[in-house]
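These notes are about the structure you will find just below.
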Amino acid sequence: MPAYKLTYFNARGRAEPIRLLFAAAGIKYEDVRIEGADWPALKPKTPMGHLPILEVDGATLCESTAIARFVAKRAGMVGKDDLEEAKADMIVDGVKEVFRKLLTMFFEKDESKKEELKKDVFEKTLPECLRSFGKLANPSGYFVGDSLSWADVEFYNLMEMVRPSFPGDLLKDNANLAKVIANVGGNPAIAKWIKERPESAF
Amino acid sequence: MPAYKLTYLNARGGAELIRLLFAADEIPYEDVRVDRDKWLELKPKTPMGQVPILEVDGHVICQSMTVVRFIAREAGLLGKTLLDQARADMLLEGGIDVGKLFEEMVMEKDASKKVEKKKEFGEKTLPPFLALYEGFAGDNGYFVGDSLTYFDIAFFNMMDFITAEFPSALDGYCNLTKVIRNVKSVPGIAKWLKERPVTDH
């Protein structure tokens, strides 16, 4: 049994999809959370100077999506053939595009520019994403086949990140996506993790 | 052998890595290039309103990196083990921000802003990136294990764009130079590089 050690800050941030996948797959791992003050000493020891990193089988991986894809493959949560894998990949790439826009918005210091970015996300980015994703999700509430894949988990995590800035029922006219959220949130292992995970601001 | 149809603009851009991967394994495909008007017509019919898209077996796949991984697998260039695949994946992800900054610089319409961006890219962004990746590349000229993977080709493609603006970027980087040489010497790739349509981007 390989030992997995995930290292990140004490936050959900870029590591949470990985933690959700470990939970869904029932894979045990060490969930290391470092303090900000300990980061400068660790940074030069990481492959590219950022977190999260995953240590497994004597190797150290970085880049949260690469790690998530690796864990999803190990967990058998990527789809059952290469076309399903591609569909899951496509959704995750789409999720990342929105995530990047959210981060740009979060980190913008100029207040008026921030408001502009926020307006753009709310009026353009999110609706367009939800519209395309709604067509790609199956009526059963899964992006790929009829069972939970990492695409569902990544989408669920994105909506968790979006909600504080854009409250309200963004999925009220999107039955398929609402079902994806229900399927992920209702997965017993994921529900347990969400209840028990450490509290953090983001 | 499934029929592959790749659709993009008449440019290298976000499709060229895919074309290089098809070429590497000499996989036949339809290389469809649409003009702006045709693109605007096609846009609402694509899964996420963007190109490139790949049509195969009645399915439509979008997101260029997804198509890259899909064809890389078909071409036997994804990586031999899950860890190798993750390593190639991580290297690809690690280069995305640098690629975006380069693209922003090239697309900058304001001439004086462009000069500023070029200086910033050439002096601040590129050198640490190349130094880091020189360390990742093996002295055999492969980034992952001891054989070609899609990331070697991705790195070649990225540098193909970058060296057009910074011709001596790879001077002094032995491992990276070997990677470029290994990729260029793949017969299918050498042939494609000679025959591909010449485009500005």
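So you know, we letter chains A, B, ... as the sequences are listed, proteins then strands, and number each from 1. Remember, predicted model here, so these are calculated numbers, not experimental data.
More than 12 heavy atoms of other shown residues, nucleotides or ligands fall within 6.0 angstrom of atom CZ in F166(B). Within a 6.0 Å sphere centred on CD of E165(B), heavy atoms belonging to other residues, nucleotides or ligands number more than 12. Residue K178(B) qualifies as enclosed at atom NZ: its count of foreign heavy atoms under 6.0 Å is above 12. In this structure, R12(A) places its CZ atom where more than 12 heavy-atom neighbours from other residues, nucleotides or ligands lie under 6.0 Å away.
Atom CD1 of I61(B) is separated from atom CD of E85(A) by 11.0 Å, given to the nearest 0.5 angstrom. Note: L61(A) CG to L91(B) CG = 10.0 Å, rounded to the nearest 0.5 Å. Rounding to the nearest 0.5 Å gives a distance of 11.0 Å between CG of D89(B) and CZ of F70(A). The distance from the CG atom of D93(A) to the OG atom of S64(B) is 7.5 Å, given to the nearest 0.5 Å.
Between the side chain of S132(A) and the main chain of M48(B), no donor-acceptor pair closer than 3.5 Å is present.
Two residues are said to be in side-chain contact when any heavy atoms from C-beta on lie closer than 4.5 Å; P47(B) and K135(A) fail this criterion. Contact of the K87(A) side chain with the V60(B) side chain is not registered, since no non-hydrogen atoms from C-beta on lie closer than 4.5 Å. Contact check for T60(A) versus M90(B): no side-chain heavy atoms found under the 4.5 Å cut-off. For the pair K73(A)/Q85(B), a side-chain contact is recorded, criterion being any heavy-atom separation below 4.5 Å from C-beta on. Counting heavy atoms from C-beta on, the side chains of D89(A) and F70(B) never come closer than 4.5 Å.
If you measure heavy-atom distances from L132(B) to chain A, the contacts under 4.5 Å come from the side chain alone. Heavy-atom distances place the side chain of Y133(B), and not its backbone, under 4.5 Å from chain A. In this structure, chain A has a heavy atom under 4.5 Å from the side chain of I96(B), while its backbone stays farther away. For A86(A), the parts sitting under 4.5 Å from any heavy atom of chain B are the backbone and the side chain alike. If you measure heavy-atom distances from R131(A) to chain B, you find no contacts under 4.5 Å at all. Using a 4.5 Å cut-off between heavy atoms, I53(A) does not touch chain B at all. In this structure, chain B has a heavy atom under 4.5 Å from the side chain of E97(A), while its backbone stays farther away.
Counting all heavy atoms, side chain and backbone alike, A66(A) lies closest to A86(B) at CB-O, 4.1 Å.
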Margin query: As a quick check of understanding, evaluate side-chain contact (heavy atoms from CB on, under 4.5 Å) for M65(B) and V92(A), giving each step before the final call.
Written below: CA-CA 11 Å; M65(B) 290 300 117; V92(A) 175; over 6 Å; no
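Contact check on D82(A) versus R73(B) returns no salt bridge, with no Lys/Arg side-chain nitrogen under 4.0 Å from an Asp/Glu carboxylate oxygen. Using a 4.0 Å cut-off between charged side-chain N and carboxylate O, R87(B) and E63(A) make no salt bridge.
No other option in G49(B), G135(B), G94(B) has as many heavy-atom pairs under 4.5 Å with chain A as G94(B). Here L83(A) is the residue among L136(A), L83(A), I67(A) with the most heavy-atom pairs under 4.5 Å with chain B. Ranking L83(B), D57(B), L92(B), V67(B) against chain A, the residue ahead of the rest is L83(B), based on heavy-atom pairs under 4.5 Å. Among K96(A), R69(A), M48(A), the residue making the largest number of heavy-atom pairs under 4.5 Å with chain B is R69(A). Interface check for chain B: of the options C62(A), G49(A), A59(A), the most heavy-atom pairs under 4.5 Å are formed by C62(A).
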